[in-house]
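Okay, structure first, notes after.
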Amino acid sequence: RGGLFTRIVGKRLLFFQEVGSTMDEALRRAERGTEEGTVVVAETQTASRGRQGRAWVSRTGNLYLSVVLYPSLQTLPYLNSLCGVAVVRAIANISGLKPRIKWPNDILLEGKKVAGVLVESAIAGEQVHHSIIGIGINVALEADEIDEIAGGAISLNHASAGDIPRDELLREILQQLDALYIQLNHGDTPVEEWEELLDTLGQRVKVTWQGEEYVGFADGIDAQGSLLLREDSGTMRTLAAGDATSLRP
Ligand code: BTN
């Protein structure tokens with residue numbers, strides 16, 4: 001196993017046996033202005049969160065991490081697609097598997113969820129105070145855990161019929177995040193690559209967005225990765241991918 005060669009993501013790397021949520025550990029450090037790229041990894045979580053207020057199965061054997069970033073207001077909308085692309089590339093490089101993405105960012109293998117991404121940001125005035133990106137990857141789920149997960153889940157070990165080394169997967173994710181984030185800061189967005197990974201387009205879909213349910217045809221995405229949904233009534237909706245953004249006074 002080699003070292004970690006990154007410029008921003010993972011320069012500071014914190015490991016915990018157990019936390020409430022890596023999001024909160026990262027948040028606490030972001031509020032104190034920790035170095036950009038600080039990564040929090042935990043073996044288990046007791047109060048994990050997923051999108052839309054759901055929990056995320058967080059027993060030992062899987063990968064749970066959060067990263068502190070200080071993006072600009074211009075780059076903020078791209079963090080969601082950036083994470084999706086980083087996770088897909090990392091899984092592909094480590095396992096040879098080819099995950100797909102269900103909008104906004106469910107990472108799927110065989111149509112089942114293998115990883116999830118959560119981006120939480122705080123905006124103060126015209127500036128992003130911080131963003132925390134959270135990634136959970138199912139590496140070695142137990143059968144009873146799979147039953148707990150709504151919509152169907154799969155683990156990397158199951159899908160690859162092997163033992164995926166978590167340390168290598170983590171290193172690969174951090175390296176991909178780092179490379180994509182540096183490119184984004186140079187004006188290069190991950191949206192094109194992300195769009196090619198999206199399974200959702202050209203289909204009739206049901207989307208829960210900010211607590212509301214929308215049904216319609218997924219026409220495409222815009223330049224920032226928002227979903228263009230044509231409702232049955234003919235109304236076009238532009239649904240932005242990043243949800244949880246809090247406003248700081
Ligand atoms: C989803 O709903 O698909 C997103 C799930 C995100 C889970 C990860 S696990 C690491 C980090 N800590 C959390 O509490 N949530 C994210």
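What you see is a predicted model; the values in this text were computed from it and never measured. As the structure lists them, so they are numbered: ligands from 1, and atoms in each ligand from 1.
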> What about Val67 and Tyr64, same hydrophobic cluster or not, with Ile/Leu/Val/Met/Phe/Trp/Tyr joined at side-chain heavy-atom distances under 4.5 Å?
Replying inline: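 They do not share one cluster, since no chain of ILVMFWY contacts under 4.5 Å joins Val67 to Tyr64.
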> Mind checking whether Leu109 and Ile135 sit in one hydrophobic cluster, side chains of I, L, V, M, F, W, Y counted as touching below 4.5 Å?
Replying inline: yes
Salt bridge check: are [X] and [Y] linked by an N-O gap of less than 4.0 Å?
X	Y	result
Arg28	Glu25	yes
Arg59	Glu43	no
Asp106	Lys113	yes

Between [X] and ligand 1, does any nitrogen or oxygen pair lie at a separation below 3.5 Å?
X	result
Ser48	no
Trp56	no
Arg51	yes
Ser21	yes

Show which atoms of ligand 1 fall inside a sub-4.0 Å distance from at least one heavy-atom site of [X].
X	value
Arg49	6 (C), 7 (C), 13 (C), 14 (O), 15 (N), 16 (C)
Leu65	10 (C), 11 (C)
Gly50	1 (C), 2 (O), 4 (C), 5 (C)
Thr22	10 (C), 11 (C), 12 (N)

>> Under 4.0 Å, heavy-atom basis, I'd like to know which part of Val117 is in contact with ligand 1: side chain, backbone, both or neither.
In response: backbone
> Heavy-atom contacts under 4.0 Å between Gln45 and ligand 1: side chain, backbone, both, or neither?
Replying inline: side chain
> Would Gln52 count as a contact of ligand 1 if the rule is a heavy atom under 4.0 Å away?
Replying inline: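 Per 4.0 Å heavy-atom rule, Gln52 does not contact ligand 1.
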> Taking only residues at least two apart or on different chains, which pairs with a member in residues 79-94 satisfy salt bridge (Lys or Arg N to Asp or Glu O under 4.0 Å)?
Replying inline: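 Residue pairs with at least one partner in residues 79-94: Arg89-Glu193.
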>> Between Lys11 and Glu35, is the salt bridge (charged side-chain N to carboxylate O under 4.0 Å, His left out) condition met? List the steps.
In response: CA-CA 8 Å; Lys11 293 308 269 187; Glu35 204 182 333; over 6 Å; no
> Nearest protein heavy-atom contact for atom 3 (O) of ligand 1: which residue, which atom, what distance?
Replying inline: Lys113 NZ, 2.6 Å
>> Can you confirm whether the side chains of Asn62 and Asn138 place a donor and an acceptor under 3.5 Å from each other?
In response: no
